[in-house]
Asks: 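Before I ask anything, here is the structure I am working with.
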Amino acid sequence: MERKGSIVSRANSIGSTSASSVPNTVYSMIDNTCSPTSDDEDSDDRPDTIKNDFKDRRRRAHTQAEQKRRDAIKKGYDDLQSIVPTCQQQDPGLGSQKLSKAVVLQKTIDYIQFLHKEKKKQEDDVSTLRKEVMALQIMKSNYEQIVKAHQNNLHEGTDQIPDDMKFSVFQGVMDSLFQTFNASVSVSNFQELSACVFAWIEEHCKPQTLQDMVIRVLHQLKNPLF
């Protein structure tokens, strides 16, 4: 029994000696591993900081883009007010009050429609002037041919056409022209008369048409029975 008790006491002493012989550094390493340090805490907070910075940058970029868009719209309205004459004419009822955007847009639309009407009117005036120029050119050509024919008749000989024959030719030509004029030209108002006259000149006073008319009148005078 004494031997057995001595063995147990020796075993206990060995266990206590081995436990006390373990270096403190091992325990400290274990404690350091198990317990979080301040660096770990900083690393845990870093993703949140990056995320917040990204949100702030995106918010600032959106704010800048929105401000730029508003500035562009404001500049557009200011340009319209400076370009459109009706926007510069202040309404007496508004006093010194600034025009609203809706009013600026409406005045701009009205002014554009006015410009379209003026453009259409100018195009019509240009078309009328072109017709007048064409009619004058036709008349000029006819007079030139008449003068040329008269000069050729003076050099052909001494045979002269009687005045009554000339009058008959002139009367026949005028009668034919008046018939076409009366059938083509409306005289209900001056504007309609002007438009119809130029159309009639272009259609019935062409050199070839007048020449055929004169030849027909001469044949009628030469053969009055037919």
Asks: Within the 4.5 Å heavy-atom criterion, are S184 and E203 side-chain neighbours or not?
Replies: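 No, every pair of side-chain atoms sits at 4.5 Å or beyond.
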
Asks: Heavy atoms only: give me the nearest V84-K107 pair and the separation to one decimal.
Replies: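 For V84 and K107, the tightest heavy-atom pair comes out as CG1-O, 4.0 Å.
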
Asks: Quick one about D175 and Q179 (side-chain donor to acceptor, distance below 3.5 Å, no hydrogens or angles considered), yes or no?
Replies: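 There is no such pair between these side chains.
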
Asks: Using every non-hydrogen atom in the two residues, find where F198 and E132 come nearest and quote the distance to one decimal.
Replies: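 Result for this residue pair: CZ-CG, 3.0 Å.
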
Asks: Could you pull out the closest heavy-atom pair between H204 and L210, with the gap in Å?
Replies: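 For H204 and L210, the tightest heavy-atom pair comes out as O-CD2, 4.0 Å.
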
Asks: Do Q208 and Q211 have side chains that get closer than 4.5 Å, going by heavy atoms?
Replies: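 In short, these two side chains touch, coming nearer than 4.5 Å.
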
Asks: Can you give me the closest heavy-atom contact between T108 and C87, atom names plus distance?
Replies: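 Closest heavy-atom pair between T108 and C87: OG1-SG, 4.5 Å.
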
Asks: Please report the interatomic distance CG(D71) to CD(E66), rounded to the nearest 0.5 Å.
Replies: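 Rounded to the nearest 0.5 Å, the CG-CD separation comes to 10.0 Å.
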
Asks: For the pair W200 and N182, evaluate side chain to side chain contact (heavy atoms under 4.5 Å, CB included) and give the outcome as yes or no after the intermediate values.
Replies: CA-CA 10 Å; W200 172 77; N182 192 33; over 6 Å; no

Asks: Do NZ/NE/NH1/NH2 and the carboxylate oxygens of K121 and E118 come within less than 4.0 Å?
Replies: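 So K121 does not pair with E118 through a salt bridge.
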
Asks: Test your reading of the model: is there a side-chain donor-acceptor pair from S176 to the backbone of G172, 3.5 Å cut-off?
Replies: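 Yes, because the side chain of S176 sits within donor-acceptor range (under 3.5 Å) of the backbone of G172.
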
Asks: When rounded to the nearest 0.5 angstrom, what distance separates CD in Q113 from NZ in K117?
Replies: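 So the CD of Q113 and the NZ of K117 are separated by 6.5 Å.
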
Asks: Any chance you could measure L115, atom CG, to D110, atom CG, to the nearest 0.5 Å?
Replies: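 Answer for the CG-CG pair, L115 versus D110, is 11.0 Å.
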
Asks: At what distance, to the nearest 0.5 angstrom, does OG1 of T86 lie from CD1 of I109?
Replies: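 CD1 of I109 is found 11.0 Å from OG1 of T86.
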
Asks: Quick one: do F181 and M213 end up in the same hydrophobic cluster if we chain Ile, Leu, Val, Met, Phe, Trp and Tyr together by side-chain heavy atoms under 4.5 Å apart?
Replies: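 Hydrophobic grouping puts F181 with M213.
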
Asks: Using the rule that two of Ile, Leu, Val, Met, Phe, Trp, Tyr join whenever any of their side-chain heavy atoms come within less than 4.5 Å, decide whether V104 and I73 are in one cluster.
Replies: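 Cluster IDs for V104 and I73 match.
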
Asks: For S82 and D79, work out which heavy atoms get closest and say how close.
Replies: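 In this case the closest contact between S82 and D79 is OG-O, 2.8 Å.
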
Asks: Using 4.0 Å as the upper bound for N to carboxylate O, is an ion pair formed by D212 and R216?
Replies: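 Judged by the 4.0 Å cut-off on N to carboxylate O distance, R216 and D212 do not form a salt bridge.
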
Asks: Do NZ/NE/NH1/NH2 and the carboxylate oxygens of E123 and K119 come within less than 4.0 Å?
Replies: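 The answer is yes: the pair qualifies as a salt bridge.
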
Asks: Heavy atoms only: give me the nearest V217-S168 pair and the separation to one decimal.
Replies: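 V217 and S168 have their closest heavy atoms at CG1-O, 4.3 Å.
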
Asks: Following the transitive rule for hydrophobic clusters with a side-chain heavy-atom cut-off under 4.5 Å over Ile, Leu, Val, Met, Phe, Trp and Tyr, establish whether V197 and I138 coincide in one cluster.
Replies: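 As far as the 4.5 Å side-chain criterion goes, I138 and V197 are not connected within one cluster.
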
Asks: Within a reach of under 6.0 Å around CE of M134, are more than 12 heavy atoms found that belong to other residues, nucleotides or ligands?
Replies: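 Atom CE in M134 is not crowded, with 12 or fewer foreign heavy atoms closer than 6.0 Å.
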
Asks: Linking I/L/V/M/F/W/Y whenever any side-chain heavy atoms sit under 4.5 Å apart, do M174 and I201 land together?
Replies: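 Same cluster: M174 reaches I201 through Ile, Leu, Val, Met, Phe, Trp or Tyr contacts under 4.5 Å.
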
Asks: Is there side-chain contact between D124 and K120, with heavy atoms separated by less than 4.5 Å?
Replies: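 Yes, side chains in contact.
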
Asks: I'd like to know if R59 and D56 make a salt bridge, using a cut-off of under 4.0 Å between side-chain N and carboxylate O.
Replies: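 A salt bridge is present here (some side-chain N lies under 4.0 Å from a carboxylate O).
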
Asks: Measuring from K140:NZ to Q145:CD, what's the distance to the nearest 0.5 Å?
Replies: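 So the gap between those two atoms works out to 11.0 Å.
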
Asks: Do L80 and Y111 land in one hydrophobic cluster if side-chain heavy atoms of ILVMFWY residues count as linked below 4.5 Å?
Replies: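 In one cluster: no.
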
Asks: Taking atom NZ of K55 and atom NE2 of H62, what is their separation to the nearest 0.5 Å?
Replies: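 K55 NZ to H62 NE2: 15.0 Å, rounded to 0.5 Å.
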
